[in-house]
Amino acid sequence: MKIAVILLCCAVTLTWGVAVKQNRKFPDDFIFGTSTASYQIEGGWNEGGKSENIWDYLTHTNAAAIEDQSSGDIACDSYHKYERDVEMMRELGIDSYRFSMAWSRILPNGFADYVNEEGVAYYNKLIDEILKYNIEPMVTLYHWDLPQKLQEMGGWLNPLIADWFADYARVVFDRFGDRVKYFITFNEGAQICYEGYDSVTKAPRLNMSGIGEYICAKNLALAHAKAYHIYNDDFKPTQGGLCGYTIAAGSNVPLTNSEEDAYAAELVNQLQWGLYTDPIFSKDGGFPKELFELVAKKSAAQGYPRSRLTDFTEEEKAYIRGTSDFFGVNHYTGGLVSASLYTPSSVVPSPKDDIEVGQMALDEWPQGASFWLKQMPNSIYIVLKNIQKRYGDVPIYITENGWSTHEGIEDEGRIAYYRAALESALDALDEGINLKGYYAWSLMDNFEWMAGYTERFGLYEVNFEDPERTRTPRKSAFIYKQIIKTRTIDHEYEPESYVMTIDEGH
Ligand SMILES: C[C@H]1O[C@@H](Oc2ccc([N+](=O)[O-])cc2)[C@H](O)[C@@H](O)[C@H]1O
């Protein structure tokens, strides 16, 4: 443990050494953006023909599950205020805006038998408004808001959902692909599967510990591949865009330089994201080998007649392998990893119990407003290196990265976080990592899932008490704007005033 701390300190010193490197610039074609998600910002939960999704259902039937008993019924009201959102994008000068579409707004039945033209019209208006100002839309097809009707049929545990999702994807490509050139099928497999179907965390909050995540992971991979093949075969030849996949990855660093801790960090990477991305990006396809073998071994010892993680057929492996044009990574935090830090799960079986590894953060790392969010030094560099090591020179987009505070315009913590994160991204670019873009989470405060409105991630503060949902730029918005404009990180830069304007050409 001492060794790791010493090593880490050296890395930090080194990182800070690199951080003060002068005259570093992001490439001219590097994409700077911001991210949001439909349920977190749109509101209009029952307007314009939209049906109920699993977050509507959860917040309406179990308000106590959300820290402040709130919901996304109105959220930022972007359903009505999207023009102001685009104005904010112009103020910041971003190159691209990542947002998600609500399946239940486009296909209220969940199935593609009926397309809700009012829902399609909403996204058309948003896309056209974005494009009017030369901002590139990046569309996530699924950011956690499954139509409730499909959940009642098993949701991501029902293998038929791969076809239901593929049908939805076809509608999205068909209706929007003439203007949208970046599609992401899924936001964060582990959060959909582990948090939704395994650990009673996020909607639909099912408790199928040690089983739910693995069933869901397999269905998700097949759903993604089907959607990708549809895009690749039927739309890409005429539309010419890209279709990718996004996971959440932490920077998982071995606690010591022992082989055991290196193996522990590998297992965490396999469970946290390799379970979702190895089938798509690895050379041989299929689930990560060590994780797959561990689950099989544990399942047998627990008396299961077959592994809780069911393998793909060889045909399925080949069908899924290679189905992504880029690697999307949401990155927030990291930790030191070791089997010696494992505390036995209270629930067995569980994915965490399958790998028997624990994690820790250091006290000196700054703490965000979210309990899980610590600012680990050089975190982005570490995670990008891990991805490159695993999958080679795949083009990478950081599709989310951000810091939570409480209310207030003065957000020095967020500024320090973004500056450090972007220095770390520059370190990665210096080493030739194929990083194409960076999307700050988030354009504005929004419904932060189980934390409701108690944690704020926005470059713009949103007043949720005000029916107008007024948006006000935080200090960090001015800093991010300056970074985008100059393509450099000036650590001394202070905004002259907090009056936001739109620069010429935006
Ligand atoms: C704040 C945003 O959080 C995103 O999700 C994750 C997932 C995993 C981690 N992690 O540290 O392991 C952090 C954030 C989510 O995609 C987005 O919607 C926001 O809520």
Side-chain angles (χ1 to χ4, degrees), residues 33-42 53-55 66-67 70 72 75-76 78 98-102 138 140-146 184-196 198-199 201-203 213 245-253 265 268-269 271-277 328-337 351-352 359-361 365-376 379-380 382-383 386 397-406 413-414 417-418 421 439-459 462:
T34 59
S35 272
T36 61
S38 47
Y39 186 74
Q40 294 179 276
I41 67 160
E42 269 178 20
N53 64 43
I54 55 176
W55 282 91
I66 311 296
E67 194 167 324
S70 64
C76 306
S78 289
R98 173 180 177 239
F99 63 99
S100 75
M101 292 185 172
M138 176 182 263
T140 311
L141 273 72
Y142 185 77
H143 198 127
W144 307 356
D145 44 356
L146 188 71
I184 293 172
T185 52
F186 291 112
N187 183 69
E188 300 180 349
Q191 283 59 33
I192 296 167
C193 294
Y194 174 68
E195 297 190 355
D198 207 290
S199 62
T201 314
K202 298 213 166 82
E213 174 169 25
Y245 189 93
T246 276
I247 46 89
S251 40
N252 305 309
V253 172
V268 172
N269 286 336
L271 182 60
Q272 200 179 69
W273 48 282
L275 178 64
Y276 300 91
T277 50
V329 55
N330 295 347
H331 176 72
Y332 288 85
T333 192
L336 305 178
V337 178
K352 294 209 162 128
Q359 290 204 46
M360 64 177 279
W365 298 347
Q367 175 73 55
S370 314
F371 73 91
W372 51 267
L373 184 52
K374 296 276 273 182
Q375 185 184 334
M376 182 177 179
S379 202
I380 284 198
I382 296 167
V383 83
N386 276 339
Y397 291 84
I398 296 169
T399 41
E400 287 180 25
N401 177 243
W403 186 251
S404 55
T405 57
H406 296 294
R414 179 171 293 107
Y417 181 90
Y418 276 135
Y439 292 74
W441 182 275
S442 177
L443 176 63
M444 62 192 147
D445 294 339
N446 52 57
F447 177 81
E448 182 43 34
W449 309 113
M450 312 322 289
Y453 299 99
T454 64
E455 296 168 11
R456 307 298 185 100
F457 275 89
L459 291 163
V462 177

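Values below: all heavy atoms of this structure, side chains included; hydrogens, waters and symmetry mates excluded. As the structure lists them, so they are numbered: ligands from 1, and atoms in each ligand from 1.
- When the options Asn187, Ile247, Thr140 are ranked by their closest heavy atom to atom 16 (O) of ligand 1, first place goes to Asn187.
- Heavy atoms of Gln272 stay at 4.0 angstrom or farther from ligand 1.
- The shortest N or O to N or O distance between Thr333 and ligand 1 is not below 3.5 Å.
- Counting heavy atoms closer than 4.0 Å to ligand 1, residue Ala37 contributes nothing at all.
- Among all non-hydrogen protein atoms, the one lying nearest atom 2 (C) of ligand 1 is Tyr332 OH, 3.2 Å.
- Within the listing of ligand 1, atoms 7 (C), 8 (C) sit less than 4.0 angstrom from a heavy atom of Ala248.
- Each of the following atoms of ligand 1 lies closer than 4.0 Å to a heavy atom of Phe457: 1 (C).
- Residue Trp441 has no N or O atom closer than 3.5 Å to an N or O atom of ligand 1.
- Annotation: atom 20 (O) of ligand 1 to nearest protein heavy atom, Glu448 OE1, 2.7 Å.
- At the shortest separation from atom 4 (C) of ligand 1 among protein heavy atoms lies Glu400 OE1, 3.3 Å.
- If you check the side chains of Arg456 and Thr405, you find no donor sitting under 3.5 Å from an acceptor.
- Test Phe447, Phe186, Trp449 against Trp144 for ring-ring contact (aromatic ring centres under 6.0 Å, His included) and you get one pass: Trp449.
- Of the N or O atoms in Gln191, none lie within a sub-3.5 Å distance of an N or O in ligand 1.
- Checked by atom type, the side-chain pair Tyr417/Asn401 shows a donor-acceptor distance below 3.5 Å.
- Looking at His331 and Ser251, their side chains come closer than 4.5 Å, going by heavy atoms from C-beta outward.
- Atoms of ligand 1 found under 4.0 Å from any heavy atom of Trp449, numbered from 1 in the order shown, are 17 (C), 18 (O), 19 (C), 20 (O).
- Under the 3.5 Å distance criterion, with hydrogens and angles disregarded, no donor-acceptor pair is assigned to the side chains of Thr140 and Ser100.
- Below 4.0 Å from some heavy atom of Gln40 lie the following atoms of ligand 1, by number and element: 17 (C), 18 (O), 19 (C), 20 (O).
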Problem set entry | ring pair (Phe, Tyr, Trp, His ring centres under 6.0 Å) between Tyr332 and Trp403, intermediate numbers included | CA-CA 8 Å; Tyr332 288 85; Trp403 186 251; 9.8 Å; no
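- Nearest non-hydrogen protein atom to atom 6 (C) of ligand 1 is Glu188 OE2, 3.4 Å.
- Taking any N or O of Trp144, backbone or side chain, none lies under 3.5 Å from an N or O belonging to ligand 1.
- Side-chain atoms of Thr36 and Ser442 include no donor-acceptor pair closer than 3.5 Å.
- Heavy-atom neighbours of Lys352 NZ from other residues, nucleotides or ligands within 6.0 Å: at or below the threshold of 12.
- Ser35 and Glu400 form no side-chain donor-acceptor contact under 3.5 Å, judged by distance and modelled atom types alone.
- With respect to Glu188, the side chain to side chain contact (heavy atoms under 4.5 Å, CB included) criterion is satisfied by exactly one of Val329, Asn330, Ile247: Asn330.
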